[in-house]
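See below for the structure under consideration.
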There are 2 protein chains.
Amino acid sequence: MNEQEASKLAKVVAAECLGYRVRLLNRVITNIYDRALQPIGLKANQANILTMLSYAGQASAADISRVLVMEKSTVSRTVDRMKKNSWITVEGHGDGPSQTITVTAQGRELMAAAHALWKKAQQQTTELLGEEGVNAILKLHETVSASKSKR
Amino acid sequence: MNEQEASKLAKVVAAECLGYRVRLLNRVITNIYDRALQPIGLKANQANILTMLSYAGQASAADISRVLVMEKSTVSRTVDRMKKNSWITVEGHGDGPSQTITVTAQGRELMAAAHALWKKAQQQTTELLGEEGVNAILKLHETVSASKSKR
DNA sequence: GTAAGCTGGTTGTATATACAACATTGGAGT
DNA sequence: ACTCCAATGTTGTATATACAACCAGCTTAC
């Protein structure tokens, strides 16, 4: 398959499916953040959780799930990984509900280191998308989160 | 944590990170397609590959990887799953390069069934995002795929 | 003509994601 | 006070994703 054919096919699939475009966009952008944070062993998603926790002071897994609109099982496992890295502590009855999750001193140090790296990724993304693209993302996010809150 | 606090936190994280917004957007939109296709056991991503293959007639794994801009290991495993479902056939030297992947009769039937379901998801997405949102996605996709082709 | 390198594919490992099934725990209602 | 239900969390299973290491075959350079 030559490049022309490939390009044509890509256009066909892309023209058809919004889902495809969103997934590709996600792969590209998330990759920028993940690569940037890779030197300190942090993933973009975990960085978001750390950020939320540091603003909140403390939160339960359910809080994280609600605030960041993530599936509770995803939160459960991610929290577990972060706990193993000693970035956070989880207090409360091992099994029972109502945990209290807080960022550890180590976690705060990590965040400090993450900030510079994250900023670079954010800038790279902004350059890639352009001002217009960034605004589009902001708007799309508003639309989606508005629809989510209705449920 | 009450709803006001949660909402405020969400805004903070979202305001900070474009990556977060894109991931959320991806989760919401991909979920629409996955749920729509769920009755026939097809995932959005696999549907895209099937579509590409049916337009192409045949393609190698490397072609899929290039056209849809997916990691080759992702393609390898997804192709494997689709093959197990008899939606596609893979011909060529078991190990060696240059496979020839084609859609089977079963695969074509599946696509026919998928089309109606996919269309519903597409419409649902369009309603969710609005005309403006859809245009934003189109534009973002162009920007991203243009940057990709430069590499 | 041979060695080095490129291309194509697979596999190991890790994370994010979704859905379903399950356990636990508190509280609400009677 | 007791029962039932809603909210919380965990775990099983499956897919998508990324990166790295690896293998096989073909091409290119010398």
Side-chain angles (χ1 to χ4, degrees), chain A residues 1 19-20 22-39 41-49 59-66 68-85 87 90-101, chain B residues 1 3 19-20 22-39 41-49 59-85 87 90-101:
Chain A
M1 180 177 299
Y20 166 70
V22 171
R23 271 198 307 290
L24 176 54
L25 185 66
N26 176 53
R27 285 199 296 274
V28 172
I29 306 292
T30 295
N31 201 246
I32 293 175
Y33 288 87
D34 278 347
R35 276 172 189 258
L37 294 171
Q38 190 261 330
L42 189 63
K43 300 298 287 285
N45 184 43
Q46 299 173 359
N48 291 147
I49 292 178
S60 67
D63 289 332
I64 296 174
S65 179
R66 266 189 299 271
L68 301 182
V69 195
M70 292 171 61
E71 234 279 324
K72 60 183 181 171
S73 63
T74 305
V75 173
S76 178
R77 282 179 254 244
T78 304
V79 160
D80 203 52
R81 281 189 274 272
M82 294 172 72
K83 183 176 149 195
K84 273 184 192 136
N85 284 322
W87 299 334
V90 181
E91 278 172 66
H93 344 82
D95 307 341
S98 278
Q99 302 172 333
T100 300
I101 305 174
Chain B
M1 182 179 297
E3 203 166 315
Y20 165 69
V22 172
R23 272 198 307 289
L24 176 54
L25 185 65
N26 176 53
R27 286 198 296 272
V28 172
I29 305 292
T30 295
N31 200 246
I32 292 175
Y33 288 86
D34 277 346
R35 277 172 187 256
L37 295 171
Q38 189 262 329
L42 187 64
K43 299 296 291 281
N45 185 44
Q46 300 173 358
N48 291 146
I49 292 178
S60 68
D63 288 332
I64 297 176
S65 179
R66 267 189 298 271
V67 171
L68 301 182
V69 195
M70 291 171 63
E71 235 280 324
K72 61 182 180 171
S73 62
T74 305
V75 173
S76 179
R77 282 179 253 243
T78 303
V79 161
D80 203 52
R81 280 188 274 272
M82 293 171 73
K83 183 176 150 196
K84 273 184 190 137
N85 284 321
W87 300 334
V90 181
E91 278 171 68
H93 345 81
D95 306 343
S98 279
Q99 302 172 332
T100 301
I101 304 174

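Naming convention: chains lettered A, B, ... in sequence-line order (proteins, then strands); numbering from 1 in each chain.
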request  = Using a cut-off of strictly less than 4.0 Å, decide whether R66(B) has a side-chain nitrogen or oxygen near OP1 or OP2 of dG8(C).
outcome  = yes
request  = Report which part of the nucleic acid T30(B) touches: base, sugar-phosphate, or nothing (heavy-atom distance under 4.0 Å, all strands).
outcome  = nothing
note = Comparing D34(A) with V79(A), nearest DNA chain D nucleotide closer to 5' gives the residue V79(A)
query = Considering only side-chain heavy atoms of A61(B), which listed nucleotide, dG9(C), dA21(C), dT15(D), is closest?
reply = dG9(C)
ask   = Can you tell me how far P of dT15(D) sits from CG of N31(B), to the nearest Å?
value = 16 Å
query = Taking CZ from R23(B) and C1' from dA18(C), how many angstroms apart are they, rounded to a whole number?
reply = 16 Å
query = Rounding to a whole Å, what distance do you find between L37(B):CG and dA18(C):C1'?
reply = 14 Å
task = Measure the distance from CG on N48(B) to P on dA16(D) and round it to the nearest whole Å.
result = 10 Å
ask   = Could you state the CG-P distance from D63(A) to dA7(D), rounded to the nearest angstrom?
value = 14 Å
inquiry  = Counting only side-chain heavy atoms from C-beta out, which of dG9(D), dT15(C), dA16(D) sits nearest to R81(A)?
reply    = dT15(C)
query = Between the side chains of N26(A) and T30(A), is a donor N or O closer than 3.5 angstrom to an acceptor N or O?
reply = yes
request  = Return yes if a side-chain donor-acceptor contact under 3.5 Å exists between N31(B) and R35(B), otherwise no.
outcome  = yes
request  = Ignoring the backbone of K43(B), work out which of dT15(D), dG9(C), dC19(D) is nearest its side chain.
outcome  = dT15(D)
key: Nearest-angstrom distance from the residue atom NZ of K72(A) to P of dC19(C)   = 12 Å
request  = Would you indicate what R77(B) reaches in the nucleic acid, counting non-hydrogen atoms under 4.0 angstrom: base, sugar-phosphate, or nothing?
outcome  = base
task = Please report, rounded to the nearest Å, how far the C1' atom of dG26(C) is from the CD atom of Q99(A).
result = 15 Å
query = Considering only dC19(C), dC19(D), dA16(C), which nucleotide approaches the side chain of E71(B) most closely?
reply = dC19(D)
query = Quick one: which of dT17(C), dT10(C), dA18(D) gets closest to the side chain of N45(A)?
reply = dT17(C)
ask   = If you look at every strand shown and take non-hydrogen atoms under 4.0 Å, does S73(B) touch a base, only sugar-phosphate, or nothing?
value = base
key: Nucleotide nearest R35(A) when distance is taken to its side chain, options dC19(C), dC19(D), dA16(C)   = dC19(D)
query = Who passes side-chain contact (heavy atoms from CB on, under 4.5 Å) against T78(A), sequence neighbours left out?
reply = N45(A), Q46(A), I49(A), T74(A), R81(A), M82(A)
query = For K83(A) and dT15(C), what is the distance between atoms NZ and C1' respectively, to the nearest whole Å?
reply = 18 Å
task = Pick base, sugar-phosphate or nothing for Q38(A), based on heavy-atom distances below 4.0 Å to the nucleic acid.
result = nothing
task = State, with a plain yes or no, whether a side-chain heavy atom of I101(B) is found less than 4.5 Å away from one of V79(B).
result = yes
task = Output the single nucleotide from dG9(C), dA18(D), dA18(C) whose closest atom is nearest the side chain of R27(A).
result = dA18(D)
remark   = Note: for T78(A) and V75(B) on DNA chain C, the residue whose nearest nucleotide lies more 5' is V75(B)
inquiry  = Are the side chains of Q38(B) and K43(B) in contact, using a 4.5 Å heavy-atom criterion?
reply    = no
query = Think N26(B) has a side-chain N or O under 4.0 angstrom from the OP1 or OP2 of dT17(D)?
reply = no
ask   = Does dT10(C) have OP1 or OP2 sitting under 4.0 Å from an N or O in the side chain of S76(B)?
value = yes
query = Given axes from five pairs at either end, by how many degrees does the helix from dG1(C)-dC30(D) to dT30(C)-dA1(D) bend, rounded to 10°?
reply = 20°
note = Rounded to the nearest 0.5 Å, the CZ atom of R77(A) sits from the NZ atom of K72(A) at a distance of 11.5 Å
ask   = Rounded to the nearest 0.5 Å, how far apart are CG of N48(A) and CG of L24(B)?
value = 10.0 Å
4.5 Å side-chain heavy-atom contact, R27(B) and M70(A) = yes
message = Are the side chains of M1(A) and V67(B) in contact, using a 4.5 Å heavy-atom criterion?
response = yes
